[in-house]
Amino acid sequence: MSKIIVDPNHDIVLRLNGYDLLVSSKVLSLASPVFEAMFKPHFKEGVEHHLQLGEPLIIPLLEDDLEATTLFCQITHHRSRDLPQTPSPLCLENLAIFCNKYICAGSVVSYGTLWIQRHSGSRSLEDLSRLLLLAYVLDLPESFATVSREMLLLKSGLFITLWVVDNHPVTHGDLLGEFNNRKRALFKDLQKGIIGLASRMATYDCENVTKANGGYLHSLKKCGLFPYEDSFEAQSFSTIIEKASRFRSYRVERCGMRCNCYELKDIDLKVELQQGIEKCKKLEPGLCLSCIKTKESSKEESRKCLHL
């Protein structure tokens with residue numbers, strides 16, 4: 001049996017997946033009320049009996065993930081030098097499940113926040129859903145908002161699934177519905193950002209402005225950025241940003257008459273389009289974990305809401 005020495009002065013062994021984790025029952029009891037309940041006085045008598053025989057008590061954890069359990073034990077035993085720099089998203093998902101099972105989220109909050117941050121920018125929605133689960137279990141509102149925001153910007157069309165978070169026993173409420181409501185609101189704001197310039201130009205009684213506006217709307221349709229077509233909302237926000245970068249750059253030509261079109265003389269329609277899209281991106285806050293966990297928050301709970 002392979003051994004992982006977490007505490008050289010261990011009094012118990014956690015056995016799982018062909019490995020023995022050498023740990024302290026006192027440390028685990030302080031970190032988890034579930035372990036504390038397991039290590040009651042009659043348990044301590046058993047530990048002492050085994051130690052008198054020259055061997056620690058072995059506790060099988062047949063259903064738990066080895067990597068996640070090891071992470072938890074290393075954190076609680078302050079073995080930071082043994083911790084990986086960036087555990088995989090799958091490992092972090094299993095860590096979330098472990099923390100929920102043993103009610104020990106508080107012990108790993110700091111590391112959980114750091115590891116989620118290090119995975120920021122992932123292009124895999126499934127991996128992001130694993131980070132979202134950890135943020136949910138550890139009750140990290142800022143991390144939850146950040147990860148959900150990345151998912152909203154990356155996903156094409158509405159969400160049909162939330163991958164590992166779907167109907168997960170540790171989550172509550174209609175997370176899928178919350179994501180789709182937020183996605184619809186995001187694209188509604190995006191429509192305003194894209195069409196706002198056209199609406200502004202439509203107020204000018206100038207042939208050159210009208211011509212430029214027609215060219216702008218035609219270009220939007222040509223490159224798939226016209227807001228009122230079905231194909232528009234089927235795209236991801238990231239795709240829309242990329243298309244806007246390839247949008248034709250042009251300006252309104254002044255008519256040379258006494259006309260207020262001079263107000264548009266320094267405006268590059270491509271720049272205006274990109275700025276409108278970027279503004280929507282910056283204003284997207286992601287989902288509020290506090291509101292998801294409790295729809296009718298008390299005043300004290302509402303203070304935690306990022307959007308209030």
Side-chain angles (χ1 to χ4, degrees), residues 1-119 130-140 143-144 164 168-172 289 293:
M1 192 73 64
S2 300
K3 295 182 180 179
I4 300 175
I5 302 175
V6 179
D7 184 357
N9 300 314
H10 62 284
D11 60 345
I12 59 171
V13 172
L14 304 181
R15 177 165 290 175
L16 62 166
N17 296 337
Y19 282 83
D20 281 347
L21 282 173
L22 282 53
V23 296
S24 163
S25 61
K26 179 64 174 178
V27 171
L28 296 186
S29 295
L30 291 172
S32 161
V34 176
F35 280 121
E36 182 183 21
M38 289 171 59
F39 305 155
K40 289 296 184 181
H42 66 276
F43 173 85
K44 292 180 180 178
E45 293 174 4
V47 171
E48 291 174 358
H49 174 70
H50 277 78
L51 291 176
Q52 289 173 359
L53 296 176
E55 57 183 24
L57 183 63
I58 297 174
I59 302 176
L61 300 181
L62 304 179
E63 298 179 355
D64 297 326
D65 178 76
L66 174 63
E67 189 177 5
T69 306
T70 303
L71 280 184
F72 169 75
C73 291
Q74 289 170 335
I75 291 171
T76 53
H77 286 73
H78 300 284
R79 308 286 290 188
S80 56
R81 65 179 181 273
D82 297 328
L83 290 169
Q85 287 291 313
T86 311
S88 70
L90 178 58
C91 176
L92 295 181
E93 174 194 350
N94 289 325
L95 181 62
I97 295 170
F98 184 93
C99 289
N100 182 74
K101 178 179 179 179
Y102 292 99
I103 318 177
C104 56
S107 300
V108 302
V109 162
S110 297
Y111 282 102
T113 304
L114 176 63
W115 288 332
I116 290 174
Q117 184 180 6
R118 285 180 176 170
H119 278 287
R130 293 185 167 108
L131 304 180
L132 193 76
L133 182 65
L134 182 62
Y136 183 99
V137 171
L138 299 188
D139 199 23
L140 303 173
S143 297
F144 190 88
V164 304
H168 202 287
V170 309
T171 61
H172 305 283
L289 180 58
K293 286 192 171 182

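Excluded from the calculations below are hydrogen atoms, water molecules and symmetry mates; all remaining heavy atoms, backbone and side chain alike, are included. From a predicted model like this one, the values you see are computed outputs, not experimental measurements.
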- Task: Measure across A31 and C104 and return the closest heavy-atom pair with its distance rounded to 0.1 Å.
- Result: O-CB, 3.5 Å
- Query: Quick check: does any side chain N or O of Y136 sit under 3.5 Å from a backbone N or O of H172, one acting as donor and the other as acceptor?
  - Reply: yes
- Query: Taking C-beta and beyond as the side chain, do N94 and I97 meet within less than 4.5 Å on heavy atoms?
  - Reply: yes
- Minimal heavy-atom distance between K101 and D64, with the atoms involved, is NZ-OD1, 2.9 Å
- Polar side-chain atom of D11 near backbone of S25 as donor-acceptor pair, under 3.5 Å: yes
- Item | R79 vs V6 side-chain heavy atoms within contact, under 4.5 Å | yes
- Query: Considering residues at least two apart in sequence or located in another chain, which fulfil the salt bridge (Lys or Arg N to Asp or Glu O under 4.0 Å) criterion with K3?
  - Reply: none
- Do L21 and L61 have side-chain heavy atoms sitting under 4.5 Å apart? no
- Note on the structure: Heavy atoms of C73 and L28 approach each other most closely as SG-CD2, 4.3 Å
- Task: Identify the two heavy atoms, one from S32 and one from Y102, that lie closest to each other, and give their separation to 0.1 Å.
- Result: OG-O, 2.6 Å
- Query: Quick one: does W115's side chain have a donor or acceptor within less than 3.5 Å of a partner on Q85's backbone?
  - Reply: yes
- Message: Closer than 3.5 angstrom, by distance alone: can the side chain of T86 be matched with the main-chain N or O of R118 as a donor-acceptor pair?
- Response: no
- Ignoring hydrogens and geometry, is there a side-chain-to-backbone donor-acceptor pair from H77 to V27 under 3.5 Å? no
- Is there a side-chain contact between T69 and L16 (heavy atoms, below 4.5 Å)? yes
- Message: Does atom CG (L30) have a neighbourhood of more than 12 heavy atoms from anything else shown, all under 6.0 Å?
- Response: yes
- Which pair of non-hydrogen atoms, one from P87 and one from H119, has the smallest distance, and what is that distance? O-NE2, 2.7 Å
- Note on the structure: On a heavy-atom basis, the closest approach of M1 and Y19 is SD-N, 3.7 Å
- Side chains of L83 and L71 in contact at under 4.5 Å (non-hydrogen atoms): yes
- Task: Enter the distance from L92:CG to L133:CG here, rounded to the nearest 0.5 Å.
- Result: 10.0 Å
